[in-house]
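See below for the structure under consideration.
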There are 2 protein chains.
Amino acid sequence: MAECLENPGIGEAAAAIERAWRRKESCVIAGTCRVIYEGRAKSFLDWGDRLLVLKNDGTFIVHKPSGNNPANWMRPGCDLHLSDEDGVLVIRIESKKPPETMRVEVRELFFVSSSKLHDGTNLVQVGTEADLAEFIMQNPSIIDPDFVPSNLEEQTKYGFLDVYGRMKSSGEAVIIEVKRYNADLSAVSQLRRYVERVRNLSGKEKVLGFIAAPAITKNALKMLLDFGFEFRRVEPPERLVPESRNQRRLLSEYYSSEKQ
Amino acid sequence: MAECLENPGIGEAAAAIERAWRRKESCVIAGTCRVIYEGRAKSFLDWGDRLLVLKNDGTFIVHKPSGNNPANWMRPGCDLHLSDEDGVLVIRIESKKPPETMRVEVRELFFVSSSKLHDGTNLVQVGTEADLAEFIMQNPSIIDPDFVPSNLEEQTKYGFLDVYGRMKSSGEAVIIEVKRYNADLSAVSQLRRYVERVRNLSGKEKVLGFIAAPAITKNALKMLLDFGFEFRRVEPPERLVPESRNQRRLLSEYYSSEKQ
DNA sequence: ACACCAAGCAGCAAT
DNA sequence: ATTGCTGTTTGGTGT
């Protein structure tokens with residue numbers, strides 16, 4: 001099932017990686033390497049110890065021993081080529097579209113571990129911006145007692161709008177830009193764009209603009225008010241901070257929500 | 001140096017991970033697991049085979065056997081806690097700020113590999129937007145034969161302006177928003193914001209706005225022209241090798257050695 | 001600490 | 001295929 005080599009030689013390691021790749025296994029290499037990337041940009045990473053992750057779909061990821069993000073990577077669908085150049089293991093990874101290449105030179109190896117991995121399940125997520133928009137649709141009075149959200153068809157004729165509707169009494173169009181976190185200047189710009197678009201397309205003179213978010217930056221609020229728009233504070237529907245007690249209950253909660 | 005376990009039992013694996021963590025080694029686990037994350041959002045990943053990467057700085061990353069991005073992750077600085085719950089290895093990862101938790105249950109293990117990794121060198125990169133802005137500063141005629149870029153201090157006076165200057169003959173202010181790729185609607189919004197800001201702050205009536213990029217989307221071009229701005233096509237220079245910074249010297253050394 | 005912005009952004013859905 | 005936009009965005013820089 002799994003195959004691990006501790007402190008292998010170049011040839012040994014190359015054979016193991018080649019084998020894993022041919023068998024469509026996932027493979028992790030730890031070693032001292034340097035990396036050259038050329039594609040949409042160019043980069044060079046000088047000698048150091050890293051983790052190299054090779055997936056069977058042609059994904060290749062270089063991780064430094066600290067930090068969240070990879071130092072270098074190649075997206076799924078790459079080709080792999082291994083060679084021994086003067087005692088250095090050279091891994092070339094190539095992508096056709098976009099045209100990119102990565103060259104990893106490994107001069108010392110700590111381990112090469114590989115295993116066939118099966119995974120048919122996908123991540124289930126809650127707490128996104130779409131969830132917040134849905135919450136506003138269900139609770140329109142958060143925006144205004146007079147606000148009535150529209151159906152989706154009416155929205156789509158104006159393009160991508162987070163939440164769209166109108167004021168019941170006046171019939172004025174209402175556009176709401178929803179942000180999951182602190183709304184900033186670009187959120188206001190976005191709202192402004194949408195408002196102008198709806199004004200043009202509908203011919204309505206009066207289009208009201210709102211930003212609904214947990215918070216808004218000072219400058220963004222100023223810009224918002226300058227344009228005659230309004231801010232509505234909206235807390236996310238669920239408490240997302242972790243509870244210390246009874247972690248297991250949460251798991252069963254996920255299960256029941258999965259089952260539905 | 002390196003330590004690998006193939007198909008270990010729960011207790012064995014827990015001991016190895018604990019040991020790696022205590023020794024500040026980087027550790028990779030392959031196994032069948034499910035993952036619950038709660039923090040800025042919530043997610044649940046049902047049973048499947050994954051790679052788990054634990055770094056000594058408290059980074060924890062869950063990779064599915066395909067795809068570029070991690071399914072789940074915890075950023076640097078987390079605490080780790082291991083336990084055996086009814087024959088299932090439970091890895092709890094906790095972050096204080098922001099308050100987040102991840103719970104990984106591993107019911108089968110393929111390998112646990114760890115090694116102490118040292119890496120003092122950082123990535124050197126060229127071909128960013130800043131490089132393109134620098135190129136325009138050096139070659140202002142790309143924008144207009146009459147365009148004279150200002151020095152860097154003047155750039156920062158109004159905030160984050162990519163390139164700022166004026167027309168030599170008329171004295172009109174010029175603002176250039178630089179994009180490394182296809183300029184889109186948000187790029188035009190950004191330019192518009194900057195132009196309005198400079199108009200307000202400087203009292204200048206005439207402020208010219210440009211987008212300099214390799215390309216621009218259709219709608220973005222329409223919006224750009226509607227506002228009276230202009231587009232300038234700018235291809236990134238063939239050779240992006242900079243000279244000033246010490247770190248960057250490494251890259252130019254590489255390139256010149258490659259070219260021979 | 002906050003605000004703002006680029007990113008080899010990635011990935012996804014709608015056109 | 002392109003466009004537009006979200007993201008547990010991340011990471012960096014300037015105030």
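Here is how names work: the chains are called A, B, and so on, in the same order as the sequence lines, proteins then strands, and each is numbered from 1.
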What pairs of nitrogen or oxygen atoms, one from the protein and one from nucleotides 3-5 of chain C, lie under 3.5 Å apart?
| residue | atom | partner | partner atom | Å |
| --- | --- | --- | --- | --- |
| C:dA3 | OP2 | A:Asn182 | ND2 | 2.9 |
| C:dC4 | OP1 | A:Asn219 | ND2 | 2.8 |
| C:dC4 | OP2 | A:Thr217 | OG1 | 2.7 |
| C:dC5 | OP1 | B:Arg193 | NH2 | 3.2 |
| C:dC5 | OP1 | B:Tyr194 | OH | 2.6 |
| C:dC5 | OP2 | B:Arg193 | NH2 | 2.8 |

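- The existence of a salt bridge linking A:Asp79 and A:Lys96 is confirmed by a sub-4.0 Å separation between a basic side-chain nitrogen and an acidic carboxylate oxygen.
- Distance CG (B:Asp131) to P (C:dA6): 14 Å, rounded to an integer number of Å.
- For A:Thr59, the side chain to side chain contact (heavy atoms under 4.5 Å, CB included) partners are A:Lys55, A:Asp57, A:Ile61, A:Pro76, B:Asn68, not counting sequence neighbours.
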Next item on the list: Could you summarise the pairing of DNA chain C as dot-bracket text, marking Watson-Crick and G-U pairs under 3.5 Å with ( ) or [ ] inside the strand and | across strands?
Entry: |||||||.|||||||
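- Mapping A:Lys97 and A:Thr128 onto DNA chain D via the closest heavy atom, the residue that lands nearer the 5' end is A:Lys97.
- In this view, A:Pro98 and A:Arg40, A:Ser95, A:Glu100 satisfy the side chain to side chain contact (heavy atoms under 4.5 Å, CB included) rule, not counting sequence neighbours.
- Only B:Ala71, B:Asn72, B:Trp73, B:Arg75, listed by number, bring a heavy atom of residues 55-76 of chain B to less than 4.0 angstrom from any atom of DNA chain D.
- For B:Asn56, there are no side-chain hydrogen bond (donor to acceptor under 3.5 Å, both in side chains) partners two or more places apart in sequence or in a different chain.
- Scored by the ring pair (Phe, Tyr, Trp, His ring centres under 6.0 Å) test, A:Tyr158 finds A:Tyr164 as partners (sequence neighbours excluded).
- Here the side chain of A:Asp184 pairs a donor or acceptor atom with the backbone of A:Ala187 at under 3.5 angstrom.
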Exercise answer: donor-acceptor pairs, residues 215-222 of chain A side-chain atoms, under 3.5 Å, sequence neighbours excluded:
| residue | atom | partner | partner atom | Å |
| --- | --- | --- | --- | --- |
| A:Thr217 | OG1 | A:Ala220 | N | 3.3 |
| A:Lys222 | NZ | A:Asp226 | OD2 | 3.0 |

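- A search for side chain to side chain contact (heavy atoms under 4.5 Å, CB included) contacts involving A:Phe160 returns A:Asp162, A:Tyr194, not counting sequence neighbours.
- Between C:dA10 and A:Arg40, a contact under 4.0 Å exists linking OP1 or OP2 to a side-chain N or O.
- Under a 4.0 Å N-O distance rule, the pair A:Lys157/A:Glu153 does not qualify as a salt bridge.
- Look at the P atom in both C:dG8 and C:dC4: the space between them is 23 Å, to the nearest Å.
- Annotation: side chain of B:Val35 is in contact with side chain of B:Cys33 (closest heavy-atom distance under 4.5 Å).
- Straight-line distance between the P atoms of D:dG4 and D:dT8: roughly 23 Å, to the nearest whole Å.
- When all heavy atoms are compared, the tightest approach of A:Asn122 to B:Lys64 is OD1-NZ, 3.7 Å.
- In terms of the salt bridge (Lys or Arg N to Asp or Glu O under 4.0 Å) criterion, residue partners of A:Arg34 (sequence neighbours excluded) are, by chain and number, A:Glu105.
- Once you apply a 4.0 Å limit to the heavy atoms of chain B, the touched nucleotides of DNA chain D run 5' to 3' over D:dT3 to D:dT10.
- With sequence neighbours excluded, no residue satisfies salt bridge (Lys or Arg N to Asp or Glu O under 4.0 Å) with A:Lys97.
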